[in-house]
There are 2 protein chains.
Amino acid sequence: MSHYPLSIMNLVKNISRLPGIGEKTAERLTMHIIRSPIKEVEQLSLSILETRKKIRSCSICFGLSDSDICNTCSDGTRDNSLVCVVEQPADMVAIEKSGIFKGTYHILQGVMSPMNGIGPDDIRLKELLSRIKGNNIKEVILATSTTIEGEATASYIAQCLENSPVKATRIASGIPIGGDLKYIDQVTIKRAMETRYDI
Amino acid sequence: MSHYPLSIMNLVKNISRLPGIGEKTAERLTMHIIRSPIKEVEQLSLSILETRKKIRSCSICFGLSDSDICNTCSDGTRDNSLVCVVEQPADMVAIEKSGIFKGTYHILQGVMSPMNGIGPDDIRLKELLSRIKGNNIKEVILATSTTIEGEATASYIAQCLENSPVKATRIASGIPIGGDLKYIDQVTIKRAMETRYDI
């Protein structure tokens, strides 16, 4: 490493700080960057800084947004009476990719985890509950992960909504489509049996 | 992808242009960047642009440099009578890492390849020959790759030096250290036998 000019060593160091990028890869990327047209490099450099500065939480759903209200929340064609609750922006993107859901989202920006000292006040739960009041919301779909923390968070939110007119539902767990039963873990099979439905 | 805000989509696109980085990795890196402290992101962004702008070819050896003359060429402790000829800056770094060589370098910035229309005038060969004249150089070590092109380039340079007082040598080919003979290819074994030396 010390055999490179100083600016290259710095760039390699900065790039290798990114997750999953080792020193070898950082070196390869650096070599690519110094050989690339200046226009492309300017674009990359600017895009990194601009995106970091621009991106904020949507003040309705707490998802990623370029502006105060995100594209999904400001999209007039979506069903505002449905709110899908997820842990992270990436979860929302995964559901959007499926194309099945045309309601709105609420991003908790985390998950309750007593073991790590993360309680109901450390996630965007208060904001969800106040959003539900008086916004004509009919159903809250709890789509937190099926981890212990995700399940506990979903249960907690369902309890909070028990005495409200809003219906709380949980996204189904079970055998993934294309899944081979003999390779599916026992907990998943147990849940799939318990939550079986009439066909 | 279209489920992200525009600036995120742009950043993912720009990052996934880098070699060996797919869209999934670019998405992961983008998410990391928008969650990183602004100071770190500024440093990365600046370092990319600055390095690209700063790095040039050393006007003596044509290696990577921050300034007109690179660190190696301006290092007074190195033996200027020895010139090691390599194809690319990364080859020079590989030799430097071995710590065995204390002479200077000449980076050809390519290799002769008649198949691809790359002749002696398309690499930094003229510059090598003019550097050799009157600079009190005693030995040129040809350390181009042991590919067909690298071998041909080394032979060509050796021919150019035939009638000069400068000695041309070729870096040795043979069994890599720690190499198991039964896994070494035949061409390498043939070369190792041909160039065997007395012990």
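Below, read A as the first sequence line, B as the second, and so on, with proteins coming before strands; counting in each chain starts at 1. These numbers come from the heavy atoms of this one structure, side chains and all, not from hydrogens, waters or symmetry mates. For clarity, every value in this text was computed on a predicted model and none was experimentally measured.
In the model, B/Ser47 has no side-chain atom that pairs as donor or acceptor with a side-chain atom of A/Asn10 under 3.5 Å. Side chain to side chain, B/Asp66 and A/Ser7 meet the donor-acceptor criterion of an N or O pair below 3.5 Å.
In this structure, the portions of B/Leu64 lying under 4.5 Å from any heavy atom of chain A include both its backbone and its side chain. With a 4.5 Å cut-off on non-hydrogen atoms, A/Ile21 touches chain B through its side chain but not through its backbone. In this structure, chain B has heavy atoms under 4.5 Å from both the backbone and the side chain of A/Ile34. In this structure, chain B has heavy atoms under 4.5 Å from both the backbone and the side chain of A/Ile33. Looking at A/Glu96, the atoms closer than 4.5 Å to chain B (heavy atoms on both sides) sit in the backbone and in the side chain alike.
At least one side-chain heavy atom of A/Ile55 sits under 4.5 Å from a side-chain heavy atom of B/Pro5. Looking only at side-chain heavy atoms (C-beta outward), B/Arg17 and A/His32 stay at 4.5 Å or farther from each other. In this structure, A/Glu50 and B/Leu11 have side chains that are not in contact, with every pair of non-hydrogen atoms separated by 4.5 Å or more.
For the atom pair B/Asn14 CG and A/Leu46 CG, the distance stands at 9.5 Å (nearest 0.5 Å). With values rounded to the nearest 0.5 angstrom, B/Ile48 atom CD1 is found 8.5 Å from A/Thr30 atom OG1. Once rounded to the nearest 0.5 Å, the distance linking CD1 of B/Ile8 with NZ of A/Lys54 reads 11.0 Å. Residue B/Leu6 holds its CG atom at 11.0 Å from OG of A/Ser65, rounded to the nearest 0.5 Å. For the atom pair CG of B/Leu18 and CG of A/Leu44, the computed distance is 5.5 Å after rounding to the nearest 0.5 Å. Taken from CD1 in B/Ile38 to CZ in A/Arg52, the straight-line distance is 4.5 Å, to the nearest 0.5 Å.
Residue with the most contacts toward chain A among B/Val41, B/Thr25, B/Ile15: B/Val41 (heavy-atom pairs, distance under 4.5 Å).
Grouping the Ile, Leu, Val, Met, Phe, Trp and Tyr side chains by contacts below 4.5 angstrom, directly or via other members, places B/Leu161 with B/Ile137.
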